[in-house]
There are 2 protein chains.
Amino acid sequence: MDESQVIGALSALSQETRLRMLRYLVKAGPAGAPAGEIGEAVGSSSSRNSFHLNALAQAGLITSQRQSRRIIYRVDFAKVGAMVGYLVQDCCGGNAQVLACCQPGCCDGEGGV
Amino acid sequence: MDESQVIGALSALSQETRLRMLRYLVKAGPAGAPAGEIGEAVGSSSSRNSFHLNALAQAGLITSQRQSRRIIYRVDFAKVGAMVGYLVQDCCGGNAQVLACCQPGCCDGEGGV
DNA sequence: TCCATTATTCAATAACTCTTGATATATTGA
DNA sequence: TCAATATATCAAGAGTTATTGAATAATGGA
């Protein structure tokens, strides 16, 4: 993943509706979820929903597949991982403090940053 | 770190000049670097430089400290870590594939995504 | 074929972001 | 105090992004 792809991915995620969409799709797992269900979950209506799902797909973070009348969206974990990996390794040079934050419980709750 | 802080941080990094500034400051380490040096390194002039450094500082990703005539900027690794940690843990639920990409060499070179 | 469902596209508008060049502020040394 | 250095701020303009409501397209069932 090169710099401009990373910027595209970060840009896609730097928006409330889209960040929530990704989170919802992560929970949905490999089965994915149809557009309407995602829209309902994050509270975005019809055209707005398509707009944001398209932005995530353009960035490569999710994929789409028609299934009868519905369009199923799924997280592309390899792409999300590549983006995070770029931040941690390429950008932060594998900094130990940054790496530590990737572990569960590191930055949670009261003690969090 | 809450959702809106994460969005602010992602938004700050989803820009070529600022992503390069952060990378430069990571390399500079704890000593940090003065604004002018950063601007020269990333190729941004005076006002543009201030604009982008301010954006990174507003997002909490870097700190500033006057030192005589210069203003020294430094990466706040805790904040960068918190952002990455949010993506990996809160947003991706600690997904194994995403976590694996945080390790050195995972997504480098030819085999990369 | 007709209708309902599901989702996308389009046009208009509002809001935000980035760049530029000019100006202003803070600090230091002569 | 004056000039030089280092940086920040301001105003205008171009470009981009997000929202809305209406219209369009694709699919499946009566």
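Only this structure's heavy atoms are used, side chains among them; waters, hydrogens and symmetry mates stay out. Residue numbers start from 1 in every chain, and the chains themselves are labelled A, B, ... in the order their sequence lines are given, proteins ahead of strands.
- Ser47(B) comes within contact range of at least one nucleobase, with a heavy-atom separation under 4.0 Å.
- Taking atom CD of Gln65(B) as the reference point, atom P of dA8(D) lies 14 Å away to the nearest angstrom.
- Nearest-nucleotide assignment on DNA chain D puts the 5′-proximal partner with Arg66(B), out of Ser14(A) and Arg66(B).
- Among the heavy atoms of the strands lying under 4.0 Å from Ser46(B) is at least one base atom, whether or not backbone atoms are also near.
- The 12-atom threshold is not exceeded at CD of Gln58(A), counting heavy atoms of other residues, nucleotides or ligands nearer than 6.0 Å.
- Distance Ile71(B) CD1 to dT25(C) C1': 10 Å, rounded to the nearest Å.
- Between Ser44(B) and Asn49(B), the side chains place a donor N or O and an acceptor N or O closer than 3.5 Å (distance only, hydrogens not considered).
- If you measure from atom CG of Asn49(A) to atom C1' of dA7(C), you get 9 Å, rounded to the nearest angstrom.
- For dT19(C), one of the phosphate oxygens OP1 or OP2 lies less than 4.0 angstrom from a side-chain nitrogen or oxygen of Arg48(B).
- Rounded to whole Å, atom P of dC18(C) lies 11 Å from atom CD1 of Ile7(A).
- Residue whose closest nucleotide on DNA chain D sits further toward the 5' end, between Ser68(A) and Leu53(B): Leu53(B).
- The side chain of Tyr73(B) contributes no N or O atom lying less than 4.0 Å from OP1 or OP2 of dA6(D).
- Rounded to whole Å, atom P of dT19(C) lies 14 Å from atom CG of Asn54(B).
- The Arg18(A) side chain lies nearest to dA18(D) when the options are dG28(D), dT28(C), dA18(D).
- For the pair Arg69(B) CZ and dT27(C) P, the computed distance is 11 Å after rounding to whole Å.
- The phosphate of dT19(C) (OP1 or OP2) has a side-chain N or O of His52(B) nearer than 4.0 angstrom.
- Listed candidates were dC18(C), dT8(C), dA8(D). Nearest to the side chain of Gln15(B) is dC18(C).
- Between Lys79(B) atom NZ and Cys101(A) atom SG the span is 12.0 Å, to the nearest 0.5 Å.
- Close to dT6(C), at under 4.0 Å from its OP1 or OP2, lies a side-chain N or O of Arg70(A).
- Across all strands, Ser45(A) comes closer than 4.0 Å to no nucleic acid atom at all (heavy-atom distances).
- Atom CG in Leu13(B) sits roughly 15 Å away from atom P in dT17(C) (whole-Å rounding).
- Using a 4.5 Å cut-off between side-chain heavy atoms of Ile, Leu, Val, Met, Phe, Trp and Tyr, with links allowed through other members, Phe51(B) and Tyr24(B) fall into different hydrophobic clusters.
- Using a cut-off of 4.0 Å between Lys/Arg side-chain N and Asp/Glu carboxylate O, Glu3(B) and Arg20(A) are scored as salt-bridged.
- Residue Ser50(B) is classed as a base contact, given a heavy-atom separation below 4.0 Å to a base.
- Nucleotide dT6(C) holds its P atom 14 Å from the CD atom of Gln67(A), rounded to whole Å.
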